[in-house]
Amino acid sequence: MSRRLLVTSALPYANGSIHFGHLVEYIQTDIWVRFQKMSGHEVHYVCADDTHGTAIMLRAEKEGITPEQLIDRVWREHKRDFDGFLVGFDNYHSTHSDETRALSEGIYRALKGRGLIDIRSVEQFYDPVKSMFLPDRFIKGECPKCGAKDQYGDSCEVCGATYTPTDLKNPYSVVSGAAPVRKASDHYFFRLSADECKRFLEDWTQQGDHLQDEARNKIREWFDQGLNDWDISRDAPYFGFEIPDAPGKYFYVWLDAPIGYLGSFRNLAARGGVDFDAFTKPGGDTEMVHFIGKDILYFHALFWPAMLEYAGYRTPTKVFAHGFLTVNGEKMSKSRGTFITAGSYLDLGLDPEWLRYYYAAKLGPTMEDIDLSLDDFVARVNSDLVGKFVNIASRAAGFIHKRFGGKLFSSRFTERFESELPGLREAAGVIAAHYDAREFGKALREVMALADVVNQFVDKHQPWELAKHNDTEQLHYVCSIVLNAFRLLTIYLKPVLPAVAARAEAFLNVEPLTWADAQTLLPAGHAIRPYEHLMTRVDQKQIAALVEANRENLAPTAATHSPQRHAQHQENAVNEATKPETATAAATAPAPAAPAPAPAEAATPTISIDDFMKVDLRVARVARAEHVEGAEKLVKLTLDLGTETRQVFAGIKAHYEPSKIEGRLVVMVANLAPRKMRFGESQGMVLAASADGSGVFLLDVDSGAAPGMRVK
RNA sequence: GGCGAAUUAGCUCAGCGGUUAGAGCAGCGGAAUCAUAAUCCGUUGGUCCGGGGUUCAAAUCCCUGAUUCGCCA
């Protein structure tokens, strides 16, 4: 039975680049969508940039451009990144669109017509210089408890106290620096606490199968705390849609953001061929599925269904929330270089399908966080994709071309195929069920186990031996089996690896593969094309370069809270550009560290432990030390780091006789950028103490230490 | 602070009441040489975070402690 699906991923905020955290979601959704399409279902996958709010407005102002110019530029960047990672949206739109405006106004009017909109006066902080109301995250001040400076209005990053913005001492506006004043204004509220609304939401979230179990439990907690009405208006100046019949009042960005799903879909439908109403009106057999991060569950499981329900639209069929991404077991960090942007990965020429595969291998249907371990990434991609999968085609293709003119075995062998590689075709069912249930990790484990079986088959029949003994028919048969097996594996991996699959289809000389094709084999005597390698290996060095490219050498701003969270937290996430320059280094340092923000002018400002850890100090053995001809000060050292050797030029000629230091242990900076010198490249630096005119003293290491040990 | 999740082999993870706890990678020992070193066979390795309890039976359920992470609109 064919399904009809409208699928969305959360809208990225038009105020920053797409990074690895975002990609978890887009890749997850894209794989699911591609699988559904391959299975013959009708799927419309839409998304858009989320473009409104104070943060966008201020950022544009700071850059001296209009918000429209800003969001237009960011849209293009985002689109490029998504295309680069093979995220196949059927439409990528913007919330700043006629469609979204019309839908937002319509939904608002419907809610108002049902008596679900209230107007109440709210007192908020107001920036008298900028003449604007300030979202909480745009107010800073001193912590009421410990007195730490430059703390946000909700919690103190030094002592951990939580409070409200009104508790701050000496508050100031992040925008203008002025002291904010309290000012009242009328706000529009969506009456979520209305009885009918509460009943509907309790029912919608707890009954039926719209949410994951964990999500349901989470929402139960929220219900227990009581539902509050939702403030959906913001005062001018604001970049967004003005509320009908309410001059100077704008829809809060979070109102029109999810409506942007429908806006994007309507924009797609307007181009023809898609029935907008069939997917958006109640009743019918279509499905509406949202993939989101767990941080925005509240909006998608409460506000959104309520808005839809009371505005006469259908409610979501499913809301699938996923967890966050950590890198090497830790939060993504700009100072560690693990806050990796999509653009940097693509610019360095890394293969997007490596990441798609790695994420898929780690993804399941739960809200659990997933970890990107960079070492594991390299090992897994190389071993699974190149070693196991791609290699299968490569092993058989040569014989088929050299011996058989590129044509497969000339008679049918479907039954024999079954007995040679039992289960390879039947697995299609299990794997499909895994994909459909978003059990991508399980699906891929299954596929890789099959790839192992195929490699075992090759080893068992040893085609190279058959070739040697001119057992032509058997050789032809075995290689044909292997290529058919490869074709099946390609089908199974195609949702994850669309580009490799396309290359494999070209090599196999077949039409684009669908899931149903797993039921058949290549026709007897089928001609294939010459084999060209389908995927290269990841080099550890590429990963190192990626991390380096993303490393920011600024003082670590503790303010990069939950960087991987959805950018949709616009009003919460103050854009880097609008932050004042004061670094709050102390917050990330566990130990005593910096007492207060260190003055930037100081010669050696206090650094955090994070800063220190950026320097990779290693014990090294001086394997060789030689004079450098023509150099006045330099000695060429060959340093043994245990796993590798480095060539380093050290300016110690005046103080050390090379032959005397051979064999001793020294401390070196192992991650210093290599530097070309007249005599060669210096790949590091050895540590020595010195003062004016006092000589140079190499650091020694106590016995017992081994080359390669980290110094910290 | 409140609530929740996680903690299993060197690494990344699976197992979630029932034979001696598994996989991939890494390591080690063999084999092989078709394949852009890719493969195959064998093998080492674990007080399943600590402590209590429930049960004929606990990595799995309950309580408690530790650590890590997340959420608090």
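Chain identifiers are assigned alphabetically (A, B, ...) following the order of the sequence lines, protein sequences preceding nucleic acid strands; residue numbering begins at 1 within each chain.
The listed nucleotides are B:C69, B:G24, B:U12; the one nearest the side chain of A:Y358 is B:U12. The side chain of A:S394 approaches B:A35 more closely than any other nucleotide in the set B:G15, B:A35, B:C25. Distance from the side chain of A:K468 is smallest to B:U33 among B:C69, B:U33, B:A6.
If you take CH2 of A:W464 and P of B:A31, they are 15 Å apart, rounded to a whole angstrom. Rounded to whole Å, atom P of B:U33 lies 12 Å from atom CZ of A:R395. Atoms CZ (A:R445) and P (B:G24) sit 12 Å apart, rounded to a whole Å. We find that NZ of A:K218 is positioned 7 Å from C1' of B:C72, with the value rounded to whole Å. Distance A:K294 NZ to B:C69 P: 12 Å, rounded to the nearest Å. In this structure, A:D376 places its CG atom 11 Å from P of B:C25, rounding to the nearest Å. The nearest whole Å value for the distance from the CG atom in A:L374 to the P atom in B:C11 is 16 Å. Put simply, CG on A:D459 is 12 Å from P on B:G42, counting in whole angstrom units.
On the C1' atoms, B:A35 is 14 Å away from B:C40, given to the nearest whole Å. Here the separation of B:G42 from B:G22, taken at their P atoms, is 15 Å to the nearest Å. B:C34 and B:G45: their P atoms are spaced 36 Å apart (whole Å). Taking the P atom of each, B:U67 and B:A23 are spaced 34 Å apart, rounded to whole Å.
By the 6.0 Å and 45° rule, A:R234 does not stack over the aromatic ring of A:Y250.
A:N455 comes within 4.0 angstrom of sugar-phosphate atoms only, judged by non-hydrogen atoms across all strands, and of no base. Here A:N382 lies out of heavy-atom contact (under 4.0 Å) with every strand.
The aromatic rings of A:F413 and A:F409 lie tilted to each other, with the angle between the two planes from 30° to 60°.
Salt-bridge annotation for A:R395 and A:D459: present, with a side-chain N of the basic residue lying under 4.0 Å from a carboxylate O of the acidic one.
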Original post:
Where do A:H290 and A:Y261 land on the ring-ring contact (aromatic ring centres under 6.0 Å, His included) test, with the steps shown first?
Top reply: CA-CA 9 Å; A:H290 301 300; A:Y261 298 141; 4.8 Å; yes
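Within 6.0 Å of CD on A:E202 lie more than 12 heavy atoms contributed by other residues, nucleotides or ligands.
Between A:Q456 and the phosphate of B:C41, there is a side-chain N or O to OP1/OP2 separation shorter than 4.0 Å.
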